[in-house]
Every structure is written in structure tokens, then in C-alpha cells.
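Residue indices begin at 1 and follow the sequence shown. Each ligand, and each atom within it, is numbered from 1 in the order the structure gives.
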Amino acid sequence: MLKIPRRASMVSSLIEAYRLPSLLRTVQPTPASFEDLCKFHQEDYLEFLQKISQQEDIEKYDEEAQLYGLSYDCPAHPGVYDYASLVTGATIQAAECLMNKTADIAINWFGGWHHGKKDSASGFCYTNDVVLGILKLREKFNRVLYIDLDVHHGDGVEDAFCSSNKVLTVSVHKHAVGFFPGTGSVSDVGMGKGKYYSVNIPLQDGIKDAEFSALVCRVLLKVRDRFNPEAVVCQCGADGLTGDPNGAFNLTPNALGKCVYTLLSWKRPLLLLGGGGYNHANTARCWAYLTAVVLGRKLPDDIPEHKYLMEYGPDYTLTVTPGNQGDHNTQESVQALYSQILYNLSQIS
Ligand SMILES: O=C(/C=C/c1ccccc1NC(=O)c1ccccc1Oc1ccccc1)NO
Ligand SMILES: [Zn+2]
């Protein structure tokens with residue numbers, strides 16, 4: 001888990017190295033209170049997370065930990081509760097800036113933990129800051145659109161709002177046997193009042209910028225026309241970039257930039273969040289680039305001198321070059337997918 005705070009430090013250092021904070025208002029986050037977290041998460045889960053967060057030797061809680069998803073692939077670690085409540089507090093505060101109009105666009109690159117469940121941790125997500133940020137926005141906005149660009153299905157957020165027609169969730173992700181979390185097929189459309197308000201765009205390995213952004217932007221335009229959201233939340237997980245250890249998609253930051261640019265053109269309150277991204281240099285490149293897209297600034301391609309400069313070798317440039325792996329998404333499969341999604345959206349009353 002020590003990897004994520006280091007990544008966070010690289011992200012903020014690169015954004016500072018490009019002198020972007022001079023164009024932004026930075027807000028110091030306060031941790032979400034226990035009560036805030038209880039707006040989505042179950043009390044018993046939070047109490048357990050708090051308890052083991054203060055212990056050094058957590059092995060003795062192994063039995064109970066399993067109940068709460070805190071096992072080998074999602075280990076608890078000392079301080080996990082404080083870390084999760086600070087990140088979640090920042091996302092809630094970002095939402096509040098949009099609600100009180102002190103910002104048109106708010107960013108929390110340390111949020112985006114989209115797998116968190118109400119009663120358990122999942123996929124390294126201990127609390128679900130995305131759900132809590134959307135619930136906060138819903139206190140003011142009647143219809144909220146959520147887009148998840150992470151390579152993994154945004155299951156925790158989709159689950160939370162699957163029966164709601166006030167929050168429409170769109171997730172584009174790799175969908176293949178054995179790939180976490182395994183949910184998010186195109187036929188997964190939500191239920192009850194929320195039927196057709198969950199949109200899934202399942203893809204195979206190797207998709208590249210042009211195909212990805214064309215498909216996602218076409219879906220987003222249809223979603224805007226059918227749903228007419230008053231506020232938008234976009235999770236910008238960077239683990240779909242080429243060079244990520246997940247080794248799934250073959251994207252560069254330009255693909256996410258095109259999607260964010262489309263959302264910006266709608267001129268509606270927009271909350272941008274981070275998420276996955278395990279090639280730390282490419283993730284920092286991506287989120288620095290997206291911050292510049294929001295600001296309408298073009299960044300010099302040479303990475304500026306700063307404490308992590310060596311991580312950006314051998315090119316030391318902001319640009320990420322696509323890999324040459326094959327694209328397993330055919331024109332036909334993408335067109336068929338788009339037709340299915342269009343049909344589903346046509347069912348929205
Ligand atoms: O990124 C994710 C979820 C990742 C994930 C979920 C379940 C099991 C393993 C997972 N991890 C990875 O895929 C993964 C792949 C390469 C490098 C680091 C990875 O995770 C982490 C995440 C945090 C700390 C250590 C490892 N969701 O957006
Ligand atoms: Zn991910």
C-alpha cells in the first residue's frame with residue numbers, strides 16, 4: 001500500500017513543477033466524519049475499519065477481517081481509516097465547492113475509489129468517496145451523471161445507484177473472464193426505477209485512443225440528450241494507459257483528455273476524480289495533462305526539473321507513446337456494442 005501515497009506525491013509534484021497551482025484554488029481537505037461516512041457505509045464495517053486501523057498487529061483480527069473484504073488482495077494497514085476518511089473528505093469538499101458555486105470544476109486526483117461497498121472493502125477501495133461525493137451533489141442537483149474511465153468496472157458506484165433514475169452511471173472498462181471485478185456487461189442496465197440508468201461499455205484488450213474516445217464520446221452525447229444531467233462526476237482512472245502493469249488497454253492521456261474536453265463543453269458543474277493507475281509516471285503525466293485540459297493550457301512536452309524527474313526517463317517527456325500490441329476490439333464488435341447501448345438508452349423515459 002506504500003505505493004499509492006508515493007504516487008500521490010508524484011502527481012502533486014508534477015502538477016507543481018508545471019506551475020499549474022498558480023491557476024488553481026487549492027483547498028485543504030478535512031477528513032470525512034464517521035457520520036459522513038455512514039451516509040453510505042454500514043456502521044459495523046466502519047467501526048471495524050477504525051479499530052484495525054489503530055492496531056499494529058492486525059493478524060489477530062483475520063477472521064473478522066475476511067467478513068469485511070479486508071483480506072490478502074485488499075489488506076488493511078495501520079492508518080487505513082485516517083487515509084480513507086481524508087481522501088473521502090476531499091471528494092465531499094470538492095462536491096460542496098460545486099454546490100456553493102465557488103468552483104465550476106473541482107478536482108481530487110487522490111479520490112476515485114470506485115469499488116468500495118457499503119459493508120466491505122474491495123479492490124484496494126476502503127471507503128467509496130465517489131458514492132459519497134455523488135450523494136452530496138444530490139442534495140442540490142436533481143440529476144447527476146457519473147462516468148468511469150478506469151480500466152476496471154466501477155461496480156461499487158453502479159451498485160449504489162442501480163435502482164435510481166436520478167443518478168445515471170456510465171462505465172467503460174475491460175470485461176473479460178478472470179479480470180477484476182468481472183461485472184459490467186452491456187446487458188447490466190440497472191433495475192426497478194433505475195432500469196436503463198446503468199450503462200456499461202465492456203471492451204477487450206488493446207483498444208487505442210481514437211476508437212476509445214470516439215465510442216465513449218458518442219455514448220456521452222446520447223446520454224446527455226436523454227438524461228440532461230445537472231452535474232457530472234468523472235472518474236479518470238489511469239490504469240487503461242499503455243505501460244500499466246494491468247497491461248489491458250493501449251491508451252494515452254489524449255483518450256481521457258478527449259472525454260474530459262467533451263464534458264467541459266457542456267458547461268455543467270464537473271467533478272474530476274482519480275482512481276487506478278499503477279505506472280506511476282504515466283499516471284502523473286495523465287493527471288497533470290488533464291489538469292491542463294481543464295485550464296485550457298498547453299504544457300511544454302519536456303518534463304520540468306523536479307524531485308521525481310528521474311522517474312520519467314528515458315524520454316523525460318509528457319507525451320505517452322502507444323504500444324504496438326494488437327487491438328482485440330474489432331470494428332464490428334464496437335459497432336454492435338454501440339447499437340446495443342443506443343437501444344438501451346432509447347428505453348429511458
Ligand atoms: O485499479 C483497480 C483495482 C485493482 C485491483 C483489484 C483487485 C485485485 C488486484 C488489483 N490490483 C491491480 O490490478 C494492480 C495491478 C498492477 C499493479 C498494482 C495493482 O494493484 C495495487 C493497488 C494498490 C496497491 C498495490 C497494488 N480498480 O480501479
Ligand atoms: Zn482500476
### Query
the Zn ion (ligand 2) is nearest to which N, O or S atom of Asp239?
OD2
### Query
What do we get for Asp239 next to ligand 1 when only non-hydrogen atoms under 4.0 Å count, side chain, backbone, both or neither?
side chain
### Query
Which option, Arg7, His173, His153, His115, owns the non-hydrogen atom nearest atom 27 (N) of ligand 1?
His115
## Note on the structure
Note: heavy atom closest to atom 10 (C) of ligand 1, options Phe180, Trp113, Phe124, belongs to Phe124
### Query
Is the shortest heavy-atom distance from the side chain of Val232 to the side chain of Ile147 under 4.5 Å?
yes
### Query
With no hydrogens and no angle check, do the side chains of Asp239 and His152 hold a donor and an acceptor under 3.5 Å apart?
yes
### Query
Do Ser33 and Asp36 have a side chain donor and acceptor closer than 3.5 Å?
yes
### Task
Run the numbers for me: atoms of ligand 1, each under 4.0 Å from some heavy atom of His114, listed by number.
27 (N), 28 (O)
### Task
State, without any angle test, whether Thr102 and Arg25 hold a side-chain donor-acceptor pair at a distance under 3.5 Å.
yes
### Query
Against heavy atoms of Asp150, which atoms of ligand 1 measure under 4.0 Å?
27 (N), 28 (O)
### Query
Got an N, O or S from His152 under 2.8 Å of the Zn ion (ligand 2)?
yes
### Salt-bridge criterion met for Lys117 and Asp155 (N-O under 4.0 Å)
yes
### Query
Are Val27 and Val11 linked, directly or through other ILVMFWY residues, by side chains that come within less than 4.5 angstrom of each other?
no
### Message
Testing the basics here: between Gln235 and Gly276, what is the closest heavy-atom pair and its distance to 0.1 Å?
### Response
NE2-N, 4.2 Å
### Message
Which atom name would you report as the N, O or S atom of Asp150 nearest the Zn ion (ligand 2)?
### Response
OD1
### Message
If the cut-off is 4.0 Å to any non-hydrogen atom of Gly123, which atoms of ligand 1 fall inside it?
### Response
3 (C), 6 (C), 7 (C)
